[in-house]
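Worksheet for the structure shown next.
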Amino acid sequence: DAPVVHLTRMQSAAGAITFVPATNPTGALALACAFETTDSREHVVRLGVADALPREGVTIVRTTASGLWINLRQIRRHRRFLIVGLPQTPDRATPGGTLTVTTYGSGRLDLPMKAETTLGAKALLTGYVVEGRLVLRAENDPYSGTLQQVCDVYGYSETSWRDPFTPLS
């Protein structure tokens, strides 16, 4: 079974939670985030395509060159999210390394990542809001596919896509 971590209500609602891949070489893995809000809307955020959502008002999720962050002050708007690794190597192999998850109070969780061949995208972590608390689950699923396929397997099927790696959201 995949490891599960429950954050306290305070950890779930203060500041932001960040996700940073530590790989060799640096930058060999970009992150994307599929998420669903409490109004049942689904979005996919990926660096260079949709860097932050929503585009108007307060940002819920933002990607950067070093990783991504989720605004926990907007936790009441979240229902669930999926962190996806996108290998940036020519052979699309997931580099070994660690996904470091950091909370506002400097709480830290390190998830080991195996070096393995993929079809371009791999689920790394899921998060759910349960009674105001954030529950994180490491996904050790061997399945890989395009970003669209991985999102679909995890139940994010309402997003429109330009191509298998480019969301329109």
Side-chain angles (χ1 to χ4, degrees), residues 1-22 29-86 98-111 113 121-141 143 145-162 165-169:
D1 288 318
V4 176
V5 173
H6 300 261
L7 299 179
T8 66
R9 285 186 187 271
M10 180 58 87
Q11 289 172 317
S12 299
I17 187 169
T18 60
F19 304 87
V20 177
L29 187 73
L31 298 179
C33 180
F35 68 98
E36 181 181 359
T37 54
T38 54
D39 60 1
S40 298
R41 292 184 180 175
E42 293 178 4
H43 307 276
V44 178
V45 176
R46 188 183 138 214
L47 187 64
V49 179
D51 293 340
L53 286 172
R55 290 180 182 89
E56 70 289 332
V58 178
T59 300
I60 296 175
V61 178
R62 178 180 305 278
T63 60
T64 66
S66 62
L68 67 86
W69 65 262
I70 296 175
N71 183 353
L72 294 181
R73 288 172 286 196
Q74 300 298 314
I75 195 70
R76 290 189 177 122
R77 295 175 63 188
H78 291 273
R79 182 170 288 153
R80 62 190 179 118
F81 62 87
L82 167 68
I83 305 297
V84 180
L86 302 169
T98 303
L99 178 64
T100 300
V101 182
T102 309
T103 64
Y104 176 71
S106 298
R108 180 176 164 154
L109 175 66
D110 291 323
L111 303 170
M113 296 184 297
K122 183 161 180 52
L124 301 176
L125 181 134
T126 52
Y128 295 87
V129 178
V130 179
E131 297 179 2
R133 293 177 51 182
L134 195 55
V135 179
L136 304 175
R137 181 176 188 264
E139 296 297 337
N140 295 320
D141 190 351
Y143 177 80
T146 65
L147 179 57
Q148 181 180 8
Q149 290 169 333
V150 170
C151 289
D152 193 49
V153 164
Y154 281 84
Y156 296 91
S157 55
E158 299 300 315
T159 300
S160 297
W161 297 84
R162 179 175 301 130
F165 288 94
T166 311
L168 289 175
S169 58

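Note that these values count all heavy atoms, side chains included, but never hydrogens, waters or copies made by symmetry. Computed from a predicted model, the values in this text were never measured in an experiment.
Within the 4.5 Å cutoff, the side chain of Leu68 has no heavy atoms near those of the Val45 side chain. Looking only at side-chain heavy atoms (C-beta outward), Leu136 and Ile17 come within less than 4.5 Å of each other. Leu82 has its side chain within reach of Tyr156: a pair of non-hydrogen atoms, C-beta onward, lies under 4.5 Å apart. Using a 4.5 Å heavy-atom cutoff, the side chains of Leu147 and Arg46 are in contact. Residues Cys151 and Val44 have side chains in contact (heavy-atom distance under 4.5 Å, counting atoms from C-beta outward).
Residues forming a side chain to side chain donor-acceptor pair (under 3.5 Å) with Thr126 (at least two apart in sequence, or on another chain): Glu139.
Gly67 approaches Pro21 most closely through the heavy-atom pair CA-CD, 4.1 Å. The two atoms that bring Ala121 and Val84 nearest to each other are CB-CG1, 3.8 Å, heavy atoms only.
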For this session: Report the C-alpha separation of Leu134 and Gln11 in whole Å, then their side-chain angles, then the decisive distance to 0.1 Å, and conclude whether the side-chain contact (heavy atoms from CB on, under 4.5 Å) test is met.
Result: CA-CA 8 Å; Leu134 195 55; Gln11 289 172 317; over 6 Å; no
Problem set entry | CA sep, side-chain torsions, deciding dist, call: Arg79, Ser40, side-chain contact (heavy atoms from CB on, under 4.5 Å) | CA-CA 8 Å; Arg79 182 170 288 153; Ser40 298; 3.1 Å; yes
Problem set entry | Derivation and outcome, side-chain contact (heavy atoms from CB on, under 4.5 Å), residues Phe19 and Cys33 | CA-CA 10 Å; Phe19 304 87; Cys33 180; over 6 Å; no
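Around atom CZ of Arg133, more than 12 heavy atoms belonging to other residues, nucleotides or ligands sit under 6.0 Å away.
Side chain of Arg9 to main chain of Glu131: a donor-acceptor pair is present (N/O by atom type, distance under 3.5 Å, no hydrogens or angles). Between the side chain of Glu42 and the main chain of Ala34, no donor-acceptor pair closer than 3.5 Å is present. In this structure, Asp110 contributes its side chain and Thr98 its backbone to no donor-acceptor pair below 3.5 Å. A donor-acceptor pair under 3.5 Å links the side-chain atoms of Lys122 to the main chain of Asp141, judged by distance alone. A donor-acceptor pair under 3.5 Å is absent between the side-chain atoms of Arg137 and the main chain of Val4, judged by distance alone.
Each of Leu99, Val5, Thr102, Thr103 was evaluated against Leu109; a single residue qualifies, Val5, per the side-chain contact (heavy atoms from CB on, under 4.5 Å) test. Looking at Leu124, Leu47, Thr63 one by one, the single match for side-chain contact (heavy atoms from CB on, under 4.5 Å) with Leu31 turns out to be Leu124.
A cation-pi arrangement, defined by a distance under 6.0 Å to the six-membered ring centre and an angle within 45 degrees of its axis, is absent between Arg73 and Tyr104.
Relative ring orientation between Phe35 and His78 is described as tilted, the plane-to-plane angle lying within the 30° to 60° band.
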